[in-house]
Amino acid sequence: MGLGWQQGPLSAEPAGRFLTPDPLPPRLLFAEPLRRRMRVRFGGDWIADSDEVVLLHEPARYPVAYFPLAAVAGGVLEPTERVTPHHDLGPTGWYTVHGGDQFAPRAAWRFVDLPEHAGELRDRVAFAWRAMDAFFEEDERIVGHAADPYHRIDIRRTSRRLMVRDGDRVVADTRRPLALYESGFAPRWYVPRADVDPGALHPVEGQTFCPYKGLASYYDIGSHRRAAWSYREAWPEVRLVDGMVSFEPDLIEVMLDGKRLALEPGQTVIPHGVDRGLDPAEILKST
């Protein structure tokens, strides 16, 4: 989503291309001032607070927020002996994070020997998202990962016919779906609950996050695991899809105007890999 992954312009497989005569480098990183106040809470304490955060976009990664070291409270960062390589930015030093009476090993990192062209990240530290209690922009909690300022969602009403089948069973049939267009994703289609057979949906445990839409709950359909999902309390910005149901076209038969949908490029929701020394806890699923 946004610049660095899905099919964004800096991703490994962008939907478009830069119109230049020469090929671009296979990996492009982009750092910019976030221009929003961001805070980190851990162990009941505010451990970092800054309106001078730098956001790093890199291929196949969610955007990552880097705080000035001066914006981190004293005693929070304990250096460890762990050093890992980053593909582009050199050695990465890791920290144990302390807050209140808690500590989290390998929960923060910074680049200790940056190349000259990456000076924007010098003397800055990032925190592993899941290891912290919460991240905030001003007084609003941000769920999942730092929000990408280039991410956009548009929701459009349509009268196209959308049908979902599980073998001979009609799971959903509607002429009033909503088309949700989201940066870096192929379109997603949402169906009103009144047009879904409620007996076909079997709730499963576990939710995934989306910083832009909220928490998604999942459903099995017959033998198809997690073939549908719904945002039961969608964020206000996407309130139109609140409680509606969307279906995975690679797991269940979804027909739009008589044409079967397939899993298109840009619909996968997990970054391609963790090969740059960053904490696997930072890699979460979004839908």
Using every non-hydrogen atom in the two residues, find where [X] and [Y] come nearest and quote the distance to one decimal.
{"X": "D148", "Y": "P63", "answer": "CB-CG, 3.9 Å"}
{"X": "P59", "Y": "L28", "answer": "CD-O, 3.5 Å"}
{"X": "M132", "Y": "V97", "answer": "CE-CG1, 3.9 Å"}
{"X": "L121", "Y": "L114", "answer": "C-CD1, 3.4 Å"}
{"X": "G222", "Y": "D166", "answer": "CA-OD2, 3.7 Å"}
{"X": "I142", "Y": "A147", "answer": "CG2-N, 4.3 Å"}

Hey, is [X] close enough to [Y] for a salt bridge, meaning N to O under 4.0 Å?
{"X": "R39", "Y": "D139", "value": "yes"}
{"X": "R27", "Y": "D88", "value": "yes"}
{"X": "D220", "Y": "R226", "value": "no"}
{"X": "R161", "Y": "D173", "value": "yes"}
{"X": "R152", "Y": "E182", "value": "no"}
{"X": "R232", "Y": "D242", "value": "no"}

Between [X] and [Y], is any pair of side-chain heavy atoms under 4.5 Å apart?
{"X": "L56", "Y": "V54", "value": "no"}
{"X": "L77", "Y": "H98", "value": "no"}
{"X": "R260", "Y": "E253", "value": "yes"}
{"X": "T208", "Y": "L215", "value": "no"}
{"X": "T174", "Y": "P192", "value": "yes"}
{"X": "R165", "Y": "V171", "value": "no"}
{"X": "P149", "Y": "E32", "value": "yes"}
{"X": "S50", "Y": "M38", "value": "no"}

With under 30° as parallel and over 60° as perpendicular, where do the rings of [X] and [Y] fit, or are they tilted in between?
{"X": "W94", "Y": "W109", "value": "tilted"}
{"X": "F111", "Y": "H86", "value": "perpendicular"}
{"X": "F67", "Y": "F135", "value": "tilted"}
{"X": "F30", "Y": "H57", "value": "tilted"}

Using the side-chain contact (heavy atoms from CB on, under 4.5 Å) rule, take W46 and R41 through it: C-alpha gap first, then chi angles, then the decisive distance, then the call.
CA-CA 4 Å; W46 295 106; R41 194 165 181 82; 2.8 Å; yes

Connected via hydrophobic side-chain network under 4.5 Å: [X] and [Y]:
{"X": "V196", "Y": "Y218", "value": "no"}
{"X": "V245", "Y": "L178", "value": "no"}
{"X": "F209", "Y": "W235", "value": "yes"}
{"X": "L162", "Y": "V170", "value": "no"}
{"X": "L256", "Y": "M163", "value": "no"}

About how many Å separate [atom2] of [Y] and [atom1] of [X], when rounded to the nearest 0.5 Å?
{"X": "S159", "Y": "R176", "atom1": "OG", "atom2": "CZ", "answer": "13.0 Å"}
{"X": "E120", "Y": "L55", "atom1": "CD", "atom2": "CG", "answer": "12.5 Å"}
{"X": "D197", "Y": "D195", "atom1": "CG", "atom2": "CG", "answer": "11.5 Å"}
{"X": "E140", "Y": "E137", "atom1": "CD", "atom2": "CD", "answer": "9.5 Å"}
{"X": "D113", "Y": "R122", "atom1": "CG", "atom2": "CZ", "answer": "8.5 Å"}
{"X": "Q207", "Y": "Y231", "atom1": "CD", "atom2": "OH", "answer": "10.5 Å"}

Quick check on the 6.0 Å ring-centre criterion: do [X] and [Y] meet it?
{"X": "W229", "Y": "F247", "answer": "no"}
{"X": "H202", "Y": "Y219", "answer": "no"}
{"X": "F127", "Y": "F42", "answer": "no"}

Within a reach of under 6.0 Å around CD of E52, are more than 12 heavy atoms found that belong to other residues, nucleotides or ligands?
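At most 12 heavy atoms, drawn from other residues, nucleotides or ligands, come within 6.0 Å of this atom.
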
Salt bridge (charged side-chain N to carboxylate O under 4.0 Å, His left out) between E248 and R188: does it pass, once the steps are laid out?
CA-CA 9 Å; E248 289 283 12; R188 296 288 199 175; 3.3 Å; yes

Has the side chain of [X] got a donor or acceptor atom that lies under 3.5 Å from a matching backbone atom of [Y]?
{"X": "R124", "Y": "Y66", "value": "yes"}
{"X": "R193", "Y": "G243", "value": "yes"}
{"X": "R239", "Y": "A234", "value": "yes"}
{"X": "S246", "Y": "W189", "value": "yes"}
{"X": "D45", "Y": "I47", "value": "no"}
{"X": "D133", "Y": "G43", "value": "yes"}

Go through the steps to decide whether L29 and E58 satisfy the test side-chain contact (heavy atoms from CB on, under 4.5 Å), and finish with yes or no.
CA-CA 5 Å; L29 277 61; E58 57 179 307; 3.6 Å; yes

Determine, stepwise, if the pair R106 / R82 fulfils side-chain contact (heavy atoms from CB on, under 4.5 Å).
CA-CA 8 Å; R106 296 185 300 180; R82 187 188 190 209; 3.3 Å; yes

Any chance you could lay out the side-chain hydrogen bond (donor to acceptor under 3.5 Å, both in side chains) test for Y212 and S183, step after step, and finish with the verdict?
CA-CA 11 Å; Y212 316 100; S183 300; over 6 Å; no

Please evaluate residues K213 and L180 with respect to the criterion side-chain contact (heavy atoms from CB on, under 4.5 Å), reporting the C-alpha separation (whole Å), side-chain torsions for both, the decisive distance (0.1 Å), and the verdict.
CA-CA 11 Å; K213 298 190 292 296; L180 187 145; 4.0 Å; yes

